[in-house]
Protein chains: 2
Amino acid sequence: MGITERKNRDKQDLKQRILDAAKLLFTKHGYEATSIRKIANVIEFSPTTIYLYYRDKNDILYALHQEGFKMLGTSFIDLGKISNPFERFKEMGRTYLKFALDHSDFYELMFIMKEPIQWLDEDACASDKWQEGINAFDSLHNTIIDCQKEGYFKDQDSKLFSLFVWSTVHGLCSLSLHGHFEQVVKGKKLDIHPDKILESAFENFLDLIDRLK
Amino acid sequence: MGITERKNRDKQDLKQRILDAAKLLFTKHGYEATSIRKIANVIEFSPTTIYLYYRDKNDILYALHQEGFKMLGTSFIDLGKISNPFERFKEMGRTYLKFALDHSDFYELMFIMKEPIQWLDEDACASDKWQEGINAFDSLHNTIIDCQKEGYFKDQDSKLFSLFVWSTVHGLCSLSLHGHFEQVVKGKKLDIHPDKILESAFENFLDLIDRLK
DNA sequence: GAATCTACTTAACACTGTTAATAATTCCAA
DNA sequence: TTGGAATTATTAACAGTGTTAAGTAGATTC
């Protein structure tokens, strides 16, 4: 009964501690291990206490999903150093890819799963609930506009082109993470190591885009 | 107590009836409504009976996922009539898109969700468990090879190019189905109706690919 | 000191997938 | 025809899930 022991410790920042516990379970044991009761167990509180700080399980998942966007955002910071816009564009793609592979659970939460943002639709003021996602998209969009200033894909509508690039890279990540590439390539005698398919397909995509200059 | 009434009816093809019930619930009320107990309720059998015909819930989902590939396969049949390979290629994409929109729950099961094929990895002879998916990919791959014979994207590796095309179209479908396009486009004053974003982005993609001739 | 308010807990509801044990039925050989 | 085995379906239960209602200590305020 760790409850009495816990009471001797500080009781502040409980909302943050709940989120930390959720993040711990989530990163360590994946989505299915992250239940309200298990989170409660980690922070040594009753499960119902969590409902005093988060309205839903979805609310927690949404907070985690924001954490994910923070992580992606920080890994985007260094891209500002790259002055050549097309080089920045390419490196942005590689960064996105690396994030998806390194933090696949978060990627799942942010871009693949339906859960954490489906109830936002019901919400009246849900327009800015995916603001982090929109910001990430803007980073891409702005980079593409910069590329166009230097003559790249200049006959393209920048927004539709951004959607296209995002779709391709997301499709690559999503299909790869769920093992579909492995399945498809198996027995096809593709002379690429299974782990390198994603990378090869992406670099092939960059080559292809390069030709649109 | 419908059990005694049911006993007077034929008891054959129970495995199929389970699948039909699952399909009914799945198409009518979505994924979360498709529980073992609800399926059992529909066919008027005890929940545990289902385990005599399917080892898992995943096993049922996998069967449903195969049904989905059957549906996709039949909607691909008419494509054979199109002799021009590049026209066939484009129409194949539109068919894929339409399938994703018209049967979004099935699309989810076949290409987005992790569930129905994750345990296949553990299986020793899991190599051909996603055969339907591989077949679909082959249709694309063959069409692309035909296109190359006519001079389209001839400097491309056909397999990597197929992966690229699939990724793009899947990315478009996946992001669109989960409402991410809507989110991103909202407030960006894109002069396209929200429902038409997917279509526009796809046609834009086709135009772009056309230029690789 | 009594009332109120806050933070938290216990108990419970209605589900979920799944398994063990049991009953009913069918089949097949002696 | 009868008895045992095998098949088929059932009930009961386990361990888990998200979530809510009701109750209880402890601090705060009047």
Peer 1: Without decimals, in angstroms, what is the distance between A:N41 CG and D:dT17 C1'?
Peer 2: 14 Å

Peer 1: Given B:F69, which of B:F106, B:Y62, B:W130 fulfils the ring pair (Phe, Tyr, Trp, His ring centres under 6.0 Å) condition?
Peer 2: B:W130

Peer 1: May I ask you to check whether A:F161 and A:F164 place their ring centers less than 6.0 Å from one another?
Peer 2: yes

Peer 1: Does A:Y31 have A:K57 sitting over its ring (NZ/CZ under 6.0 Å from centre, angle to axis within 45°)?
Peer 2: yes

Peer 1: Over how many whole Å does the gap from B:L14 atom CG to D:dT8 atom P extend?
Peer 2: 10 Å

Peer 1: Roughly how many Å is it from NE2 in A:H29 to C1' in D:dG16, rounded to a whole number?
Peer 2: 17 Å

Peer 1: Rounded to the nearest angstrom, tell me the gap between atom CD in A:E115 and atom P in D:dT17.
Peer 2: 15 Å

Peer 1: Could you give the OH-to-P distance, from B:Y53 to D:dT7, as a whole number of Å?
Peer 2: 12 Å

Peer 1: Rounded to whole angstrom units, what separation is found between the CD1 atom of B:I43 and the P atom of D:dT8?
Peer 2: 15 Å

Peer 1: Measure up the A:Y96 and A:Y107 rings against each other and bin them: parallel (under 30°), tilted (30 to 60°), perpendicular (over 60°).
Peer 2: perpendicular

Peer 1: Within the distance-only criterion (no hydrogens, no angle test), does the side chain of A:D157 pair as donor or acceptor with the backbone N or O of A:L160 below 3.5 angstrom?
Peer 2: yes

Peer 1: Return the set of residues passing ring pair (Phe, Tyr, Trp, His ring centres under 6.0 Å) with A:F202 (not counting sequence neighbours), or none when no residue passes.
Peer 2: none

Peer 1: Would you list the protein and nucleotides 13-17 of chain C atom pairs, both N or O, that sit under 3.5 Å from each other?
Peer 2:
residue, atom, partner, partner atom, Å
C:dT16, OP1, B:S35, OG, 2.8
C:dG17, OP1, B:I36, N, 3.2
C:dG17, OP1, B:K57, NZ, 3.2
C:dG17, OP2, B:I36, N, 3.0
C:dG17, N7, B:R37, NH1, 2.6
C:dG17, O6, B:R37, NH2, 2.9

Peer 1: Roughly what angle, to 10°, lies between the helix axis at the start of the helix from C:dG1-D:dC30 to C:dA30-D:dT1 and the one at its end, five pairs per end?
Peer 2: 30°

Peer 1: What's the CG-C1' distance between A:L25 and D:dT17, to the nearest Å?
Peer 2: 15 Å

Peer 1: Can a salt bridge be assigned to the pair A:K70 and A:E67 using a cut-off of 4.0 Å between side-chain N and carboxylate O?
Peer 2: yes

Peer 1: Does the D:dT11 base have a donor-acceptor partner in the side chain of B:T48 within less than 3.5 Å?
Peer 2: yes

Peer 1: How many Å lie between CD on B:E44 and P on D:dT8, as a whole number?
Peer 2: 20 Å

Peer 1: With the threshold set at 4.0 Å, does a side-chain nitrogen-carboxylate oxygen contact exist between B:E91 and B:K98?
Peer 2: no

Peer 1: Name the residue from B:H103, B:H65, B:H178 that meets the side-chain hydrogen bond (donor to acceptor under 3.5 Å, both in side chains) definition with B:E108.
Peer 2: B:H178

